[in-house]
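Being a predicted model, the structure only gives us computed values, none of them experimental.
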Amino acid sequence: HHQKKHDQPFFLWLNLSLPHGPLDVAQPYHAPYATKQFQKVIPAGDVSDLPSELVASKYKQNKSVLDNQRQFAACVAFIDMLVGKLVDCLQRQEIRDDTMIVFFSDHGIMLADHGLSGKGTLFKEVLNPSLIISWPAASRRGVVETRPVELLDILKTSLQIAGASRSDIDRPFGESLLPLLTGEGEYRRQACFAEMTGFYAVVTREYKYINNFDYQENKSGPVLFDLKNDPDETRNVADNHRDVITTMRSMANDWMKATQPVRPPYFYSKKNRAR
């Protein structure tokens, strides 16, 4: 679109769908990483005290982990080029200063960390995908925000910035990220929530609590990671922090009441499984 100085607001959704298999971006994007070493993966360790469903997708790729890391890096470089094209276009249109760019991913992936592949788990590699907000009007700039937020929060943030009505802003779940961008007001979220088939996680700055949706302790008991002292999530310390678990379980119960019962995908339903 070549018209400069748009007099109407615009919204653009650009789905880049990478990094994702088959990781086949053009060779020039692979070349810079052909000999690069990446950080070692988090070892599998003893997972006997974790629910088996959280550690089911064992890493079995034929290629070495390093080869896959290099392929992922090539994909990221390709995305970086595409985002650069978008920013250049906004600058040519002279609307970059009026435009908020939100770069995010729906989830991460296990690339042999904890000996796992895929996304069927609740480790940070899956739950902590990219979220980068570039907004020239923001007063807090160049800041790495360490408190947990949810992708759901982007919706309420967008509605607020777009000048939606209070009733529309209040409708979706989530909390506005505007206070984190402007430094004004309070970001009200105390914890973030995530779920996979059968299990949920509650995440604060200090802890991650995982349990199942059956309101019963799973056979291994609940899972609690101390994120300050064990950021790689290698030790389940649930037995040492019963008070924290009580608090986290209360947060989970409030969340489940507010968001209604879980609705599993059709192909997981008992009716479908019985056929």
Side-chain angles (χ1 to χ4, degrees), residues 11-44 57-92 96 99-136 138 140-154 157-158 177 180-181 192 194 196 201 203 208 227 231-233:
F11 174 84
L12 171 68
W13 178 286
L14 183 60
N15 188 355
L16 301 173
S17 298
L18 285 170
H20 199 287
L23 306 175
D24 56 351
V25 295
Q27 184 57 34
Y29 296 98
H30 290 272
Y33 304 101
T35 59
K36 186 168 176 61
Q37 296 294 315
F38 291 86
Q39 66 185 45
K40 286 193 165 67
V41 299
I42 299 166
S57 300
K58 300 289 189 265
Y59 187 83
K60 299 175 190 164
Q61 264 85 342
N62 295 327
K63 292 187 175 179
S64 72
V65 174
L66 185 56
D67 282 343
N68 269 324
Q69 288 177 324
R70 288 169 174 163
Q71 286 184 301
F72 266 75
C75 290
V76 172
F78 180 68
I79 287 180
D80 192 55
M81 178 274 295
L82 294 175
V83 172
K85 282 191 168 187
L86 174 64
V87 173
D88 289 345
C89 178
L90 293 171
Q91 288 172 334
R92 285 197 307 274
R96 173 67 189 102
T99 304
M100 171 187 280
I101 299 175
V102 182
F103 179 92
F104 69 95
S105 178
D106 54 344
H107 61 82
I109 201 81
M110 302 304 293
L111 199 62
D113 285 306
H114 302 279
L116 302 177
S117 65
K119 58 186 178 181
T121 188
L122 293 169
F123 284 110
K124 67 175 181 179
E125 289 78 16
V126 170
L127 292 196
N128 297 16
S130 302
L131 175 58
I132 302 168
I133 299 177
S134 176
W135 189 30
R140 289 186 83 212
R141 303 186 63 188
V143 176
V144 177
E145 181 55 66
T146 57
R147 81 190 77 185
V149 304
E150 285 189 14
L151 292 179
L152 276 175
D153 298 340
I154 297 171
T157 308
S158 302
L177 297 170
L180 300 181
L181 298 168
C192 289
M196 59 176 276
V203 184
K208 176 187 285 186
L227 301 180
D232 287 341
E233 304 175 350

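Distance CG/Asn15 to CG/Asp106: 8.5 Å, rounded to 0.5 Å. Between atom NZ of residue Lys40 and atom CG of residue Leu66 there is a gap of 10.5 Å, rounded to the nearest 0.5 Å. Rounding to the nearest 0.5 Å places NE2 of His114 at 13.5 Å from OG of Ser57. Note that the CD atom of Gln71 and the CG atom of Leu111 stand 9.5 Å from one another [nearest 0.5 Å]. Atom NZ of Lys85 and atom SG of Cys89 lie 11.0 Å apart (nearest 0.5 Å). Here CG of Leu23 is found 12.5 Å from CZ of Phe78. Values are rounded to the nearest 0.5 Å.
Looking at heavy atoms from C-beta onward, Arg147 lies in side-chain contact with Leu180 at the 4.5 angstrom threshold. Between Glu233 and Leu227 the shortest side-chain heavy-atom distance falls below 4.5 Å. Side-chain contact between Leu16 and Val83 is present, with heavy atoms from C-beta onward closer than 4.5 Å. Two residues are said to be in side-chain contact when any heavy atoms from C-beta on lie closer than 4.5 Å; Gln61 and Ser117 meet this criterion. Under the 4.5 Å side-chain criterion, counting only non-hydrogen atoms from C-beta, Ile101 is in contact with Arg96.
Taking each heavy atom of Leu12 and Leu86 in turn, the nearest pair found is CD2-CD1, 3.9 Å. When every heavy atom of Trp135 is checked against every heavy atom of Arg141, the shortest pair comes out as O-NE, 4.2 Å. Between Thr157 and Leu181, the shortest heavy-atom contact is CG2-CD1, 4.4 Å.
Under a 3.5 Å cut-off, the side chain of His30 and the backbone N or O of Arg70 do not form any donor-acceptor pair. Judged by distance alone, the side chain of Asp153 and the main-chain N or O of Glu150 form a donor-acceptor pair under 3.5 Å.
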Start with the C-alpha distance between Val25 and Ile79, add both sets of side-chain angles, then the distance that settles side-chain contact (heavy atoms from CB on, under 4.5 Å), and finish with yes or no. CA-CA 10 Å; Val25 295; Ile79 287 180; over 6 Å; no
Could you walk me through whether Tyr59 and Val41 pass the side-chain contact (heavy atoms from CB on, under 4.5 Å) check? CA-CA 12 Å; Tyr59 187 83; Val41 299; over 6 Å; no
For Ile133 and Ile154: C-alpha separation, side-chain torsions, deciding distance, then whether side-chain contact (heavy atoms from CB on, under 4.5 Å) applies. CA-CA 10 Å; Ile133 299 177; Ile154 297 171; 5.6 Å; no
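With sequence neighbours excluded, the residues that form a side-chain contact (heavy atoms from CB on, under 4.5 Å) with Val76 are Pro19. Listed by chain and number, the residues in a salt bridge (charged side-chain N to carboxylate O under 4.0 Å, His left out) with Asp88 amount to none (sequence neighbours excluded). Under the ring-ring contact (aromatic ring centres under 6.0 Å, His included) criterion, Phe104 pairs with Trp13, not counting sequence neighbours. Scanning for salt bridge (charged side-chain N to carboxylate O under 4.0 Å, His left out) contacts around Arg140 gives Glu145, with sequence neighbours left out. The side-chain contact (heavy atoms from CB on, under 4.5 Å) test applied to Ala26 returns Pro28, Tyr29, not counting sequence neighbours.
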With a cut-off of 3.5 Å and sequence neighbours excluded, list every side-chain donor-acceptor pair involving residues 120-132.
unit_1, atom_1, unit_2, atom_2, d
Thr121, OG1, Leu54, O, 2.7
Lys124, NZ, Pro231, O, 3.1
Lys124, NZ, Asp232, OD1, 3.4

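Other residues, nucleotides and ligands contribute more than 12 heavy atoms inside 6.0 Å of the NE2 atom of His107.
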